[in-house]
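This report refers to the structure that appears directly beneath it.
Excluded from the calculations below are hydrogen atoms, water molecules and symmetry mates; all remaining heavy atoms, backbone and side chain alike, are included.
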Amino acid sequence: MSTKKVLLLIITVSLIVASFAVSASAAAKKSTASTASTAAPASAEFVGVVDRGEILNNHPGLAKARQQLANIARQKENEAKAAADKETDTAKKAQAVQAKRMELAQEEQRLMAPIYRDCEQAVREVAVKRKLTLVLDKFVVLIGGVDITADVIQQLSRKK
């Protein structure tokens, strides 16, 4: 499946889930409210939105992880060149380079996993504080939702 199709599928599913959540919260509010005038609008009350890119870019440990990753990338590139220079067969050269790329990808995953976990945990903590039942990436939301990006960044800065 192409990247565009996967992205479109993810966006569609997110929008469907969001619409169900908003509909369910609106129905629950309608049934518990005694009058229509006392009910608050349900569209943004329980739904939060975040800019995941902005949150990631403001993580206190990201600069260090990027520097480490750049160093590892240079090392793997040198190792790949050395391994390729030893081989005469082009297939084996390509295989050696591919192996180093995979090692680099594993290192990136190892370095970035704690940062992604911290970001997700900060989103969860802010969502609980703000009593949000659903948090979506703001790029899949057309209208509504409470932007909690700044609160999440602030939560991350308190931890480090």
Problem set entry | Worked check of side chain to side chain contact (heavy atoms under 4.5 Å, CB included) between F139 and D51 | CA-CA 7 Å; F139 297 108; D51 182 339; 3.5 Å; yes
Problem set entry | Path from L104 to M112 over hydrophobic side-chain contacts below 4.5 Å | no
Problem set entry | Hphob cluster co-occupancy, L56 + L156, side-chain heavy atoms under 4.5 angstrom | no
For this session: Assess whether side chain to side chain contact (heavy atoms under 4.5 Å, CB included) is satisfied between V152 and C119, documenting all intermediate values.
Result: CA-CA 8 Å; V152 173; C119 292; 5.9 Å; no
For this session: Return the minimal non-hydrogen interatomic distance between L111 and L69, and the atom names on each side.
Result: CD1-N, 3.9 Å
For this session: Salt-bridge test for K129 and E125: reply yes if a basic N is under 4.0 Å from a carboxylate O, no otherwise.
Result: no
For this session: Following the transitive rule for hydrophobic clusters with a side-chain heavy-atom cut-off under 4.5 Å over Ile, Leu, Val, Met, Phe, Trp and Tyr, establish whether V140 and V47 coincide in one cluster.
Result: yes
For this session: Please round to the nearest 0.5 Å and tell me the distance separating atom CD of E108 and atom CZ of R66.
Result: 10.0 Å
Exercise. In Å, rounded to the nearest 0.5 Å, how long is the span from NE2 of H59 to CG of D118?
Worked result: 3.5 Å
Problem set entry | Test: E79 and K76 ion pair at under 4.0 Å | yes
Problem set entry | Closest non-hydrogen atom pair between V135 and A127, with its separation | CG2-CB, 3.8 Å
Problem set entry | Derivation and outcome, side chain to side chain contact (heavy atoms under 4.5 Å, CB included), residues Q106 and R110 | CA-CA 6 Å; Q106 289 172 343; R110 181 186 65 81; over 6 Å; no
For this session: Enter the distance from R52:CZ to L136:CG here, rounded to the nearest 0.5 Å.
Result: 10.0 Å
Seminar exercise, completed: For I115 and G61 the tightest heavy-atom approach is CD1-O, 3.7 Å
Problem set entry | Heavy-atom closest pair, residues V123 and V50 | CG2-CG1, 4.5 Å
Exercise. If Ile, Leu, Val, Met, Phe, Trp and Tyr residues are connected whenever their side-chain heavy atoms lie under 4.5 Å apart, and connections chain through other members, are Y116 and I55 in the same group?
Worked result: no
For this session: Taking all non-hydrogen atoms of both residues into account, name the closest pair between S157 and P60 and its distance.
Result: CA-CG, 4.5 Å
Exercise. Thinking salt bridges, do E103 and K100 make one under a 4.0 Å N-O criterion?
Worked result: yes
Exercise. Do Q155 and D151 have side-chain atoms, one donor and one acceptor, less than 3.5 Å apart?
Worked result: no
Exercise. Looking only at heavy atoms, which two atoms of A84 and V97 are closest? And how far apart?
Worked result: CB-CG2, 4.2 Å
